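Everything quoted here is computed from the prediction, not taken from an experiment.
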Amino acid sequence: MKNAILGFILIFACVNYVGLASIREMKETPRLKISIGSQVFFAHLQVNETTAALLKQLPFTLSMVELNGNEKYSEIKQALPTQAESVGKIQTGDLLLYGNNVLVLFYESFSTPYRYTRIGKVTDSAGLSKALGTGNCQVKFEANP
């Protein structure tokens, strides 16, 4: 029985080490290219398990749905690991994960009681609101080394 428990602990430690190793491989802050029509924006990404898992799914184009006059959201195909926290204040250009599979791009700043996992932030959000428009839209996400 002791050997089975020790074996389980060893496997668990190895799996966690491999996950941490892939995060550590990100030598620089990863960037994301976000295309909305002819407009292109770039986001600096967090270095975490969520971002590492998201980068493996790229590129993809999402039909993003308008919500509350301040954000666009869409479900992604595969759930991502989460580290949800109460962010308190949303900033224009925040790219966050709601739950484990809803990608949210904010184009207005406001306070919120909701919990999100941080993914990244658009570096220059000037024109982001105009590019996203008032209704639903198509947004392409690509890795940008």
Side-chain angles (χ1 to χ4, degrees), residues 5 7-145:
I5 293 171
F8 175 76
I9 291 170
L10 181 60
I11 290 170
F12 180 76
C14 288
V15 168
N16 281 333
Y17 176 77
V18 169
L20 290 174
S22 66
I23 293 168
R24 288 187 187 126
E25 288 173 7
M26 296 181 189
K27 295 183 185 348
E28 297 179 14
T29 304
R31 287 179 17 132
L32 186 67
K33 180 179 177 184
I34 303 170
S35 302
I36 308 160
S38 63
Q39 297 285 321
V40 176
F41 299 89
F42 295 94
H44 282 290
L45 300 176
Q46 299 284 314
V47 177
N48 60 34
E49 290 180 36
T50 306
T51 300
L54 177 69
L55 288 171
K56 290 178 184 176
Q57 294 185 32
L58 297 177
F60 54 65
T61 300
L62 297 175
S63 296
M64 300 197 80
V65 178
E66 168 63 34
L67 184 64
N68 299 325
N70 56 28
E71 68 187 76
K72 304 290 186 190
Y73 75 92
S74 184
E75 288 187 18
I76 55 177
K77 289 182 183 179
Q78 293 179 341
L80 300 175
T82 63
Q83 297 174 343
E85 61 182 272
S86 295
V87 296
K89 179 92 170 150
I90 299 288
Q91 299 294 326
T92 300
D94 280 348
L95 183 63
L96 305 175
L97 184 70
Y98 181 74
N100 65 3
N101 71 335
V102 178
L103 193 62
V104 187
L105 180 57
F106 293 92
Y107 59 89
E108 295 291 336
S109 298
F110 63 97
S111 296
T112 183
Y114 293 104
R115 296 173 55 84
Y116 296 92
T117 299
R118 294 185 184 278
I119 292 179
K121 182 163 182 61
V122 173
T123 53
D124 181 3
S125 59
L128 180 62
S129 178
K130 184 176 180 182
L132 289 168
T134 57
N136 301 347
C137 63
Q138 298 288 309
V139 180
K140 183 174 185 179
F141 295 88
E142 303 172 83
N144 186 52

Filter on salt bridge (Lys or Arg N to Asp or Glu O under 4.0 Å), then keep only pairs touching residues 90-104, sequence neighbours left out; what's left? Asp94-Lys121
Can you name the side chain to side chain donor-acceptor pair (under 3.5 Å) partners of Thr112, sequence neighbours left out? none
As an exercise, state the distance from CD of Gln57 to CD1 of Ile76, rounded to the nearest 0.5 Å. 4.5 Å
Excluding sequence neighbours, so at least two apart, what forms side chain to side chain contact (heavy atoms under 4.5 Å, CB included) with Ala79? Asn100
Any non-hydrogen side-chain atom of Pro30 less than 4.5 Å from a side-chain atom of Val47? yes
Does any non-hydrogen side-chain atom of Ile36 lie less than 4.5 Å from one of Leu128? yes
Are Leu67 and Val104 packed together at the side-chain level, in the sense that at least one heavy-atom pair is separated by less than 4.5 angstrom? no
Can you pull the ring-ring contact (aromatic ring centres under 6.0 Å, His included) pairs that have at least one residue in residues 69-99, sequence neighbours excluded? Tyr98-Tyr116
Selection residues 105-120 - residue pairs positive for salt bridge (Lys or Arg N to Asp or Glu O under 4.0 Å), sequence neighbours left out: Glu85-Arg118
Evaluate the side chain to side chain contact (heavy atoms under 4.5 Å, CB included) criterion for residues Asn70 and Ile90: first the C-alpha distance (whole Å), next the side-chain angles of each, then the deciding distance (0.1 Å), finally the verdict. CA-CA 10 Å; Asn70 56 28; Ile90 299 288; over 6 Å; no
Is the number of heavy atoms from other residues, nucleotides or ligands within 6.0 Å of OH (Tyr114) greater than 12? no
Looking at side-chain heavy atoms only, is the closest gap between Leu80 and Leu103 below 4.5 Å? no
Between Leu97 and Leu54, is there a side-chain heavy-atom distance shorter than 4.5 Å? no
Tell me the salt bridge (Lys or Arg N to Asp or Glu O under 4.0 Å) pairs involving residues 69-83, sequence neighbours left out? Glu66-Lys72
Which pairs with one or both residues in residues 123-134 pass side chain to side chain donor-acceptor pair (under 3.5 Å), sequence neighbours excluded? none
Mind checking the CD-CD1 spacing from Gln83 to Ile119? Nearest 0.5 Å is all I need. 11.0 Å
Set of ring-ring contact (aromatic ring centres under 6.0 Å, His included) partners for Phe110, sequence neighbours left out: Phe106
Taking only residues two or more places apart in sequence, or in another chain, which ones meet Ser109 in a side chain to side chain donor-acceptor pair (under 3.5 Å)? Thr92
Run the side chain to side chain contact (heavy atoms under 4.5 Å, CB included) check on Leu55 and Leu45 step by step: do they pass? CA-CA 10 Å; Leu55 288 171; Leu45 300 176; 3.8 Å; yes
For Phe60, what residues pass the ring-ring contact (aromatic ring centres under 6.0 Å, His included) criterion, not counting sequence neighbours? Phe141
Please, which pairs that meet side chain to side chain donor-acceptor pair (under 3.5 Å) have at least one residue in residues 136-145, sequence neighbours excluded? Ser63-Gln138
Counting distance only, does the side-chain N/O of Thr50 pair as donor-acceptor with the main-chain N or O of Pro81 below 3.5 Å? yes
Could you go through Leu132 and Val139, starting from their C-alpha distance and side-chain angles, then the distance that decides it, and tell me whether this counts as side chain to side chain contact (heavy atoms under 4.5 Å, CB included)? CA-CA 8 Å; Leu132 289 168; Val139 180; 4.1 Å; yes
Nearest heavy-atom approach of Leu32 to Ala143 is CD1-N, 4.4 Å
Check: Thr51 side chain, Gln46 main-chain N or O, donor-acceptor pair, under 3.5 Å: yes
Looking only at heavy atoms, what is the nearest atom pair of Phe41 and Ala131, with distance? CE1-CB, 3.8 Å
